[in-house]
Amino acid sequence: MMFLKPYGDTLNDGAIQISFSLPHPLNETSKKVSLELALKMGIANPKITFTQELGEGFSFFIIYGNLSHEIDIDSIKTSKVKEPIIDYWDINRLIEEKFNRKIVIVGATIGSDAHTVGLDAILSAKGYAGDVGLERYPVFQVHNLGSQILPELLLEKIMDKQADVVLVSQVVTQKNIHIHNLTQLVELIEGAGLRDHIITICGGPYLSKELALELGYDGGFGAHSLPSEVASFIARRLLEKSK
Amino acid sequence: MMFLKPYGDTLNDGAIQISFSLPHPLNETSKKVSLELALKMGIANPKITFTQELGEGFSFFIIYGNLSHEIDIDSIKTSKVKEPIIDYWDINRLIEEKFNRKIVIVGATIGSDAHTVGLDAILSAKGYAGDVGLERYPVFQVHNLGSQILPELLLEKIMDKQADVVLVSQVVTQKNIHIHNLTQLVELIEGAGLRDHIITICGGPYLSKELALELGYDGGFGAHSLPSEVASFIARRLLEKSK
Amino acid sequence: MFNSPVDSGILNLPRDSINEARYLGKSIASAVHNKIKDLSTLSIERASLRMLGIRGANQEGTPWVNIFTEKCLSANLIQNGVLMILAQVCKHTSMNPQQAVEMVSENRIHLNDLIEVNGSKEIKKLCDELANKAYQNLSNKKKERLNFINTLSSGTKPYLYVIVATGNIYEDVKQAKSAALLGADIIAVIRTTAQSLLDYIPQGITTEGFGGTAATQENFAVMREALDEVSQKTGRYIRLVNYCSGLAMPEIATLGLIEGLDIMVNDAVYGILFRDINSLRTLTDQEFSRRILSFGDIIIVTGEDNLIKTVDAKEMAHTVTASQIINYYLALKSGLKPGLIGLGHAFEMDPSESDSFLHELAQAWLVRDLFPQSPIKYMPPTRYMTGNIFRGMVLNAAFNLIGVLTNQEILLLGMPTEALHTPFIQDRFLSIENALYFKNAAGNLSNEFTLKESSLMRKRAIEVLNKAVNLLKVINQKGLFNALAEGTFASIKRPENMGRGFAGVFVKGSSYYNPFLSLLPDNATDETEA
Amino acid sequence: MFNSPVDSGILNLPRDSINEARYLGKSIASAVHNKIKDLSTLSIERASLRMLGIRGANQEGTPWVNIFTEKCLSANLIQNGVLMILAQVCKHTSMNPQQAVEMVSENRIHLNDLIEVNGSKEIKKLCDELANKAYQNLSNKKKERLNFINTLSSGTKPYLYVIVATGNIYEDVKQAKSAALLGADIIAVIRTTAQSLLDYIPQGITTEGFGGTAATQENFAVMREALDEVSQKTGRYIRLVNYCSGLAMPEIATLGLIEGLDIMVNDAVYGILFRDINSLRTLTDQEFSRRILSFGDIIIVTGEDNLIKTVDAKEMAHTVTASQIINYYLALKSGLKPGLIGLGHAFEMDPSESDSFLHELAQAWLVRDLFPQSPIKYMPPTRYMTGNIFRGMVLNAAFNLIGVLTNQEILLLGMPTEALHTPFIQDRFLSIENALYFKNAAGNLSNEFTLKESSLMRKRAIEVLNKAVNLLKVINQKGLFNALAEGTFASIKRPENMGRGFAGVFVKGSSYYNPFLSLLPDNATDETEA
Ligand code: B12
Ligand code: B12
Ligand SMILES: Cc1ncc(COP(=O)(O)O)c(C=O)c1O
Ligand SMILES: Cc1ncc(COP(=O)(O)O)c(C=O)c1O
């Protein structure tokens with residue numbers, strides 16, 4: 001068994017930094033509250049290193065201390081080994097062999113979200129970080145619908161194009177608008193009886209695989225995702241499904 | 001009852017930021033560990049916003065999330081109202097009246113600590129932040145011994161000068177050297193039977209009243225203390241004692 | 001007060017290039033003006049109604065001005081201009097304009113029953129009367145604001161501009177007050193996503209937005225009141241900003257005027273490129289909105305920063321410069337004085353590229369030297385911000401230093417958490433503190449230096465300017481509309497007959513009449529300005 | 001490699017002032033040299049023993065060289081120099097020096113029994129032989145290091161210098177490796193508090209220090225090995241620093257030479273002012289130590305940053321300049337070439353004062369222009385750092401920018417947590433990232449500008465220089481020792497006959513002999529240097 005805890009300059013010192021504001025003026029009470037919060041978090045010897053009154057009725061705190069929590073490293077199950085990447089040539093070959101047709105992909109940023117850079121990074125020929133996008137794969141036929149597509153319209157397009165895969169991007173997360181939009185889309189797809197006929201993937205800087213699965217998507221991709229990872233994922237799913 | 005929790009942009013959102021390193025390479029395991037630690041701290045929805053491999057075998061994490069802890073503000077006892085400051089003229093008058101002699105103050109930075117700026121800020125005539133130092137008070141006779149005074153030597157000086165008050169500064173805290181030095185001094189003073197005859201005060205940027213009392217000092221002064229606060233404290237104690 | 005102190009350019013730019021750029025800018029702007037001068041839009045009509053003071057909405061929240069305008073449209077009367085129609089209703093029913101609009105909207109009066117299609121002289125006169133009264137009211141509002149400003153200090157330049165964007169106007173108020181008390185000079189309330197796509201102004205005080213808070217007349221008022229209070233308290237006038245863009249652009253300009261806004265983000269090209277708003281629609285709307293803003297002494301800030309958010313900022317820097325020149329001459333054409341034209345640009349080059357600081361500095365000086373009389377709005381790093389908030393502080397420090405060194409007038413402060421969320425209350429504090437340090441410690445740096453003959457920065461600035469001139473030549477040749485259609489900016493193609501809101505554009509009929517068109521300032525200054 | 005690329009000064013300082021400063025510096029240094037040239041100290045003697053290769057300590061950890069030297073002292077023989085005495089012991093007992101030292105130390109040999117008080121020619125010859133052999137060994141060590149360096153790259157300037165100070169040499173190694181892999185060029189191991197007050201070198205590998213890690217020969221070796229490994233791995237030579245100061249100054253210099261250190265912090269005035277070390281003692285020690293370092297091709301860095309840690313940095317800036325000039329000429333006198341004289345200074349003015357950035361920049365240029373051939377070590381803000389780590393990143397950014405803009409050669413990186421603790425592993429990362437950004441993005445900024453005639457910065461620099469000249473005049477008149485006694489620096493008074501270690505100073509006897517005094521480089525270069 002090996003326990004891990006934060007490290008500043010001595011093994012197991014638990015050194016940790018936190019910062020937050022409180023909706024309370026800066027005074028003895030709010031200082032005490034900030035320390036109590038740190039203690040509740042399991043931070044021993046919390047020291048307020050900086051305080052600032054933030055205008056009226058708000059205060060800001062920076063605290064250092066020593067975390068008493070530790071994690072047994074053996075208890076950590078890392079989500080199985082990452083699925084290995086299938087390379088560009090293999091993807092094209094395998095899909096070609098199995099399907100003998102182009103796989104139809106529809107992509108969009110849904111709701112009021114107008115951030116397209118992330119979606120384009122995955123779809124457009126140019127790709128991302130030197131990794132070519134899905135449009136470059138001969139076996140994929142990509143329809144990038146762009147931004148601010150309402151879920152209803154996206155469903156229409158999915159049916160229209162007889163899509164095999166749908167890729168949706170969500171960047172704005174304030175008040176959980178992304179959860180709202182993503183859920184709505186999945187429900188529409190289900191309602192249309194398409195759930196089993198289509199691979200659903202969502203992505204965005206604040207999304208994760210875990211969240212995606214929770215929302216009912218087949219896959220989810222977070223910050224710094226690469227097109228090749230997405231292509232690989234699609235290929236693997238298609239081949240599994242067609243078995 | 002009113003509960004306080006961190007605030008980012010919506011009441012009770014619990015928004016909090018933490019950062020720390022782990023003595024482990026940056027990989028899926030350490031990422032997971034960092035999230036588990038955040039959860040143990042009571043941080044809901046922890047999101048790793050930044051990771052960095054720190055050379056070999058170390059990794060750094062910045063995490064944002066929503067703290068679930070909250071503090072009942074009514075449960076906070078702020079260490080009674082701050083003792084009001086007695087002003088310069090009153091201090092001199094009151095002490096003059098009661099004692100009719102100068103109060104002898106000995107000050108030093110003890111152990112190997114050579115930081116004198118803080119001590120000088122309190123003692124020297126010039127003072128700190130526009131507030132005059134103890135040397136300027138006609139009723140105080142100040143012996144500033146300077147830095148790197150061993151506790152044994154300080155005891156000698158205390159006896160020698162028949163000090164009423166001893167002021168010690170400690171700035172270096174690595175490996176708790178300050179606790180060690182401060183404890184040693186208090187023990188020497190006790191050993192010499194002087195504990196009840198002298199007011200003991202310690203100060204320094206990482207000290208607090210609470211810690212000082214715990215270590216057996218009469219008073220403790222942390223970062224940004226003012227000479228007038230210290231003078232006031234001394235005057236009040238002297239008057240109390242002489243009752 | 002917003003006039004720049006910069007005298008002669010540090011870059012010593014070639015006169016020829018500058019003159020050519022100006023000539024081309026004027027020519028492009030004139031062509032745009034000629035193309036749109038016979039057009040009006042549904043939103044211009046609604047704005048005209050709003051200038052009369054019409055407000056409110058039906059049960060479903062649809063504003064009366066929208067319903068009324070739609071009625072005019074379906075009655076096939078719109079080409080006369082809504083004011084003429086309204087005047088006729090008023091005349092025939094002896095109702096005041098607000099009543100008249102509501103009655104028509106609620107189908108209690110049917111336009112087809114009432115309207116003499118060609119407005120008589122009498123109707124025109126009533127129209128003029130209504131407009132003159134409105135104009136007087138609006139003038140008073142404006143004077144009230146300017147008088148209030150004059151009783152206070154205005155802070156020092158560069159003005160520190162921060163955003164609030166909680167989605168809830170009451171939270172926005174808390175955050176705005178906090179920022180103002182900490183030293184911010186300008187507060188911008190960011191709009192909820194996709195408001196720009198709404199072909200109307202939402203109604204009422206709102207508490208739920210996404211990535212921003214709805215721009216409504218009522219929200220404007222809540223925030224203006226809060227800021228006036230803080231202004232009074234600090235003795236420093238706090239300026240309020242909102243977005244005058246999207247499908248309801250001219251209406252928002254009107255509300256800005258009514259509710260005492262000081263600055264409005266106003267750039268048709270942003271709507272065209274990033275919201276797929278039809279170019280004819282929004283450039284027509286823009287001209288009218290700018291005339292309103294000009295009348296209101298409201299500074300516009302343009303959106304060139306967006307041009308380098310999706311393409312390589314170093315490579316495409318000249319598109320920013322070219323767009324600024326066009327925007328400048330379009331603004332002059334709409335009656336704005338140079339001192340009200342807040343041209344935008346940004347610190348968005350890849351910070352990991354060598355000499356990137358030099359390139360940013362060159363670009364900041366370039367805009368300063370090209371538009372010495374205009375307030376410049378400098379936007380902070382966003383694209384290359386990451387979840388490393390500590391590094392974020394450093395990039396923002398570099399940005400702030402360039403801001404003060406090059407005498408930018410409006411610094412939109414970067415937030416350490418840019419890549420994470422709309423700002424938390426403490427993020428703004430940290431950013432204001434960052435900027436205040438440089439303002440105070442390095443504020444006088446701009447007068448210390450001259451550039452060496454061999455300066456890399458000067459070379460770079462001249463290169464950018466010359467590339468901008470070449471681009472302007474192309475745009476001048478094909479016209480701005482075709483250029484936009486062909487993907488000249490941000491690599492995005494927007495044909496003239498596509499995009500949102502195209503249906504709301506119409507050709508003014510021969511009997512079209514709108515007295516505001518003569519009341520509002522126009523291009524009178526154009527010829528006198530450099 | 002440490003020679004500055006700066007050609008002609010950007011400040012265009014008045015030649016007269018520069019010449020006067022130099023003249024005064026030389027004169028002050030000569031006077032110091034004349035005053036100490038007949039003196040030796042216990043630590044010089046111990047260093048001489050260590051140069052022979054003597055090492056180790058008794059059970060209690062007292063080094064043999066200390067015990068032996070004490071024996072010489074109590075036997076009243078010290079004025080001959082310990083090498084002469086040792087040579088006699090060796091001769092009489094046929095033991096090698098290490099054995100001889102240990103036997104004497106353990107009282108197995110009594111000096112008084114053995115010693116012919118006046119060394120014969122023969123003894124002198126043996127002395128020379130021992131010293132020559134040692135010299136050869138040390139030369140080889142040095143060459144080994146230089147050869148290793150030559151096989152690797154040396155990074156680019158400014159070199160990024162970070163400290164490790166965990167108190168535990170093994171933790172230090174982890175932290176140092178991490179920093180080197182992240183981009184640091186130079187690692188300084190900070191010493192435990194009050195080591196400078198120890199009149200000996202502690203023994204062995206140590207794991208418990210306070211505010212730093214003991215400087216021992218064994219710890220040096222552990223760190224050097226670790227850094228060599230990282231150097232090999234990254235292909236970039238990582239330089240190692242420790243402190244050559246305090247009561248054991250010359251011995252530490254020797255260990256630095258033996259264990260392959262590259263840079264040593266070396267400044268007698270720091271010890272005098274901040275450690276109350278006797279001025280005669282430490283200035284005598286300093287000269288000897290600098291001769292060793294010069295021989296070892298080890299850069300010294302001086303401690304002028306400390307002069308402005310306790311007094312107003314803006315007001316007292318000229319004391320930094322004056323001290324640099326004195327230190328420079330003292331160093332030349334000790335045989336150091338300009339390229340090995342790393343003059344220190346710091347960014348320590350109150351950042352809340354207006355124009356503080358300009359004043360810092362002026363100061364940084366001043367030192368650069370005054371010493372164009374010397375590596376300059378620029379120290380980061382410390383005094384005005386607070387627990388606000390975010391603001392700390394910003395001040396460090398300002399510091400880093402000035403560092404690259406003024407071509408400082410060694411940037412000691414400021415840590416965001418300066419006001420809190422010796423650096424955590426992540427603090428160093430954040431600071432290296434901060435500095436690397438400016439090196440890469442703004443590295444070429446220094447060649448872009450000239451200062452305007454009216455420049456505030458130029459005025460400020462000239463003012464500081466002239467005040468420094470006036471101060472040098474005073475010091476020259478009364479002599480450095482008296483000046484120190486009267487509180488010229490940092491307002492601290494240190495009389496010549498007080499302070500720690502005074503008892504360890506002695507006047508060399510007429511029969512004093514120490515062959516290293518002729519082997520080590522001395523002031524040969526003095527006259528040829530500007
Ligand atoms: C560029 C940008 C814009 C541009 C967008 C241009 C465009 N055409 O996309 C413009 C200027 C238009 C813009 C506007 C707004 N923005 Co914006 N914007 C950004 C910025 C600076 C960079 C985003 C970006 O391009 N990243 C680069 C791409 C490559 O990264 P990515 O999106 O993470 O994508 C990667 C992965 O996530 C993944 N991925 C993403 N999508 C998908 C989809 C699939 C299927 C898959 C598999 C993978 C995948 O793969 C990609 C490659 O690895 C960020 C701040 C920042 N530094 O992150 C703010 C930011 C995203 N914007 C924000 C906001 C609020 C807005 C506005 C709503 C503000 C307003 N009210 O006006 C507006 C309105 C836009 C709207 N209606 O949605 C906020 C979002 C806050 C939140 N968490 O809710 C941010 C974080 C800024 C902030 N701190 O306030 N923005
Ligand atoms: C200036 C300084 C120095 C100067 C000191 C000069 C001098 N004569 O004092 C010099 C350069 C010599 C120095 C050296 C070292 N320093 Co130092 N130094 C600092 C620095 C930059 C500022 C401290 C200061 O002057 N503060 C201003 C005064 C006014 O504030 P203050 O001390 O908090 O005092 C106030 C209160 O605390 C209180 N107070 C303080 N004492 C007392 C006493 C009484 C009785 C009362 C009532 C009140 C009181 O009242 C004061 C006024 O409000 C700090 C970093 C920082 N920014 O804080 C590091 C710092 C304190 N130093 C540090 C270290 C480690 C060292 C060294 C040990 C490093 C080394 N190994 O070489 C050395 C050795 C010194 C030694 N042997 O002790 C560390 C301490 C880390 C820790 N927590 O253990 C710090 C935090 C830097 C760092 N991050 O590494 N240092
Ligand atoms: C010029 C311009 N207009 C408008 C907006 C805001 O977008 P929206 O109009 O969708 O609220 C921005 C946002 O950055 C902008 O830069
Ligand atoms: C010049 C100089 N010498 C020495 C030291 C270190 O102190 P000590 O010699 O007590 O280890 C410092 C610390 O900053 C210094 O600047």
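Below, chains carry the letters A, B, ... as their sequence lines are ordered, and counting in each starts from 1.
If you measure heavy-atom distances from C:E448 to chain D, the contacts under 4.5 Å come from both the backbone and the side chain. There is no contact between D:L436 and chain C, counting heavy-atom distances below 4.5 Å. Only the side chain of C:L361 comes within contact range of chain D, with at least one heavy atom under 4.5 Å from a heavy atom of that chain. Both the backbone and the side chain of C:F390 come within contact range of chain D, each with at least one heavy atom under 4.5 Å from a heavy atom of that chain. Only the side chain of C:L430 comes within less than 4.5 Å of a heavy atom of chain D; its backbone N, CA, C and O stay farther away.
Interface remark: of the candidates D:S356, D:P416, D:G392, D:S356 forms the most heavy-atom pairs closer than 4.5 Å to chain C. Your options are C:R458, C:E433, C:K452, and the one with the most heavy-atom pairs under 4.5 Å with chain D is C:K452.
Of the possible donor and acceptor atoms, none in the side chain of D:N434 sits under 3.5 Å from a partner among the backbone N and O of C:V394.
Taking CG of C:L445 as the start and CG of D:D355 as the end, the distance is 9.0 Å to the nearest 0.5 Å.
By a heavy-atom distance cut of under 4.5 Å, D:A397, D:A398, D:L401 are the residues of residues 396-405 of chain D near chain C, going up by number.
Residues C:A441 and D:P351 approach most closely at CB-O, 4.2 Å, considering heavy atoms.
The aromatic rings of C:W365 and D:F449 sit perpendicular, their planes meeting at an angle over 60°, well past the 30° parallel limit.
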Could you give me the CA-CA distance, side-chain angles and deciding distance for D:N440 and C:E353, then say whether side-chain contact (heavy atoms from CB on, under 4.5 Å) is met? CA-CA 7 Å; D:N440 179 54; C:E353 271 199 30; 5.7 Å; no
